[in-house]
Amino acid sequence: MFFLFDFFRESRYQKEDVLMKKLLKKRMFWAVSIAICVLLGASLLWQILIQKQAVWNEAETIARQIQQIMQINEKEIARLVASLKDNYTVRAKAATYMLDEGMLDETDVEELRKVAALLQIDEIHLFDEKGEIYAGTHPEYYHYSFDSGEQLAYFKPMLADRELSMCQDVTPNTAEGKEMMYAITWRKDGSGMVQIGVQPLRLLEALAQNELSYIFSLMPVKTGYTYMLTDQTSGAILACTRREFVGKHYSDLNFHLINPVAGSLGYHAVINGEPCQAFFLEYAGRVICVYVANSVIYKNIFPTMIAIFLCLLLVCSMMIIQIRRYIDRMVLRNINQLNHDLAEITAGNLQTRVQLTGAPELISLSNSINVMVETLNNNACNLSHIMDSFSTLVGYFVWGKNSPAIHASDKLSSLLLLDVPMEKKLYENQEDFMRYLRELCTNPVPNFHNVYQPRLDSDYFIKVDIIENSTELFGVVRDVTEEVLDRKQLQQERDHDMLTGLLARRAFYEKMDKLFVNPRALGESVLMMLDMDQFKFFNDTYGHDAGDHALRAGAELLGRIEAPNKLITRFGGDEFTVLIYGVRNRDELTAYIRHLREQMSNAQTEFHGKTMPIRFSAGYVFCADHDCDYHEMLRMADVALYISKRRGRSYFTLYSASMDSLSFVSGVHSADENLPL
């Protein structure tokens, strides 16, 4: 490979250039060689890890698909069994009805067989009250009883409860061992029982399809893949895509794990001497196993590595050629000029400017040196560069009190929403500039120091800090939009219930503290405490999602109160508070409460096909009737709410002083006196 690096010509310039080329040539050879080796090794490791991870993910997917198929089949069989039991119980009751109504002669076997055919059943047996067969479609079973075998003994509970009806799972019958399902029910007069028997062909067919061997026979299998189901306790192989393994034990396969702890790529295992990757998934006392041979996993890695090596070789060759041209034509010829210019600057000639050409890197270097020199000559420009490097948008302006013009940083115009013509005009006249700045800062943001909203129709906020001394005025403007919005978002989340959007308890107390500084200014007002009816039933029966849905519907119902001044709070759990204030008279307050109850009478919501009525029980107090703080009024409303709940559901109760002695001791005897609605 050395010929790839033998590209440096002898320098046309100076002897030092030739020495530099030779040094670069030697170092580049070793650097490129090491880089290729490292990249090949990393690529090989990466390919192995990717292949293992892909196979492990695929094996996990296959195992979970097998598990899902087994679960679906089990659920379908359970559903079918339940459906058949209901159906066969109905048929048993139909046969019982026909016997009880005298439509059949229980001693006529042929007539019973015709009825059995009509009801699409295989057997009818009549038991006496002691549990012995005395008649039916099969005389050979006469005198069998509940004590004649395990299958018949299943129905012994019938003797203890004459209201009971039973249906048996698929069970071999006592006499012939046929797979049957039996349903039994008492006759109306209690003189005996009627049992029907059916051979459930659909269920037997479904059970056959749920056989493990049938499930595994349906699975598509790639070359080198093996799917297996084993008993977790015994290690016996219950089903496998390789039929020769079925019925064997792990020990018969010469199976062992190389690493006993599963890593991110699964287990390394050996089956019959063949290395493979293994994945295990426990399910219902069994283990679903997926094995993939290593020969399948790694078969494409070697060709891939050859292709990667050739690509790296080609890329490195092209890179070396470009580096040679770059160093030979663009770098070395500029080094002497750069050294000369730097010597001039070091000597104190700050008017010197570096003018390098050719390589973009050298041009960038010369520009950086020139900027550095300019920075030394101009402190204001230096400050501008510092501020421009801030991660947030920051600008500044400064003007001497004896100068009419404004000196500003580049970003100030965008911060102050200035276009180019306005920027030029304002920067030339400090009075116009300060007038514009004052107009821009006429909307201060509450709870923020020196923060303003320039336009009310836009979520854009700036912070303006001004420092003034005897000779000049210096100002800094900063974009604080993100900071303000974040704090407002935090305040919104703190003060409002995330589920319903209503006020939270903390915000409720803060607003009540402000409102009740002067209670008389509230005018006619009412404070209500409400509890959602049947919320625990919704939550326990349909789940927490249904409970949350009901709470949101309840909050929406309370939000329909049309009072112009209202405070609605989720106080906690399914408890809400409502304050209506600033109303002209008591009749208007009563009308709002009555309207809420009218809307509540028809309020309901739908959740996954279930209709849930939205109802509240409430206690309320007219604030003007009591000379106390709102904490005491909350207690009064809570007492009235307790009485409403004691009375039943959906009651609204007005507090009275007598309730303090009656509500918790005497029940609700006087509650009607306080219910004007």
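Below, all heavy atoms of this structure are taken into account, side chains as well, without hydrogens, waters or symmetry copies.
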Below 4.5 Å, heavy atoms only, C-beta onward: do [X] and [Y] meet side chain to side chain?
X      : Y      : result
Phe616 : Arg597 : no
Val621 : Val526 : no
Leu418 : Tyr436 : yes
Asp625 : Phe622 : yes
Glu575 : Leu641 : yes
Met528 : Leu596 : yes
Lys566 : Ile568 : yes
Thr611 : Thr605 : no

Full working for side chain to side chain contact (heavy atoms under 4.5 Å, CB included) between Glu632 and His626: CA-CA 9 Å; Glu632 178 63 16; His626 304 278; over 6 Å; no
Partner of Tyr581 under side chain to side chain contact (heavy atoms under 4.5 Å, CB included), chosen from Cys623, Pro564, Ser525, Pro519: Ser525
Could you give the distance from [atom1] ([X]) to [atom2] ([Y]), rounded to the nearest 0.5 Å?
X      : Y      : atom1 : atom2 : result
Asp545 : Asn539 : CG    : CG    : 9.5 Å
Arg505 : Thr569 : CZ    : OG1   : 10.0 Å
Met512 : Asp629 : CE    : CG    : 9.5 Å
Leu551 : His544 : CG    : NE2   : 12.0 Å
Leu579 : Leu515 : CG    : CG    : 6.5 Å
Met422 : Asp432 : CE    : CG    : 10.5 Å

Identified side chain to side chain donor-acceptor pair (under 3.5 Å) counterpart of Tyr592 within the set Glu588, Arg594, His595: Glu588
For [X] against [Y], the heavy-atom pair lying closest together:
X      : Y      : answer
Val464 : Ile462 : CG2-CD1, 4.0 Å
Met181 : Cys167 : CE-SG, 4.2 Å
Trp186 : Met158 : NE1-O, 2.8 Å
Tyr630 : Leu527 : O-CD2, 4.2 Å
Cys628 : Met636 : SG-CE, 3.8 Å
Ala507 : Leu503 : CB-CD2, 3.9 Å

Polar contact flag, side-chain donor to acceptor under 3.5 angstrom, Tyr655-Asp638: no
Looking only at atom types and distance, does a side-chain atom of [X] sit under 3.5 Å from a main-chain N or O of [Y], one as donor and one as acceptor?
X      : Y      : value
Arg615 : Ser601 : yes
Thr96  : Ala92  : yes
Arg586 : Glu524 : no

State whether [X] and [Y] are salt-bridged, where the test is any N-O pair (Lys NZ or Arg NE/NH1/NH2 against Asp/Glu carboxylate O) under 4.0 Å.
X      : Y      : answer
Lys610 : Glu606 : no
Lys93  : Asp100 : no
Glu101 : Lys188 : yes
Arg506 : Glu510 : yes
Asp531 : Lys645 : yes
Arg570 : Asp497 : yes
Asp169 : Lys85  : yes

CA sep, side-chain torsions, deciding dist, call: Asp660, Val639, side chain to side chain contact (heavy atoms under 4.5 Å, CB included): CA-CA 7 Å; Asp660 287 333; Val639 170; 4.1 Å; yes
Step-by-step side chain to side chain contact (heavy atoms under 4.5 Å, CB included) determination, Leu557 to Gln599: CA-CA 8 Å; Leu557 174 63; Gln599 286 196 324; 4.0 Å; yes
Worked verdict on Phe576 versus Phe571 for ring-ring contact (aromatic ring centres under 6.0 Å, His included): CA-CA 5 Å; Phe576 298 81; Phe571 209 64; over 10 Å; no
Arg649, CZ: over 12 other non-hydrogen atoms inside 6.0 angstrom: no
Neighbour count >12 (heavy atoms, 6.0 Å) for atom CG, Asp627: no
Stepwise side chain to side chain contact (heavy atoms under 4.5 Å, CB included) test for Lys511 and Leu567: CA-CA 9 Å; Lys511 291 185 178 296; Leu567 202 63; 3.6 Å; yes
Check: Tyr509 ring centroid to His631 ring centroid under 6.0 Å: yes
Audit row: Arg560, Glu556, salt bridge (charged side-chain N to carboxylate O under 4.0 Å, His left out) steps and yes/no: CA-CA 7 Å; Arg560 296 178 197 160; Glu556 181 181 355; 3.8 Å; yes
Side chain to side chain donor-acceptor pair (under 3.5 Å) between Ser617 and Ser644, intermediate numbers included: CA-CA 6 Å; Ser617 296; Ser644 293; over 6 Å; no
Residues that Phe607 engages under ring pair (Phe, Tyr, Trp, His ring centres under 6.0 Å), provided they are two or more places apart: His549
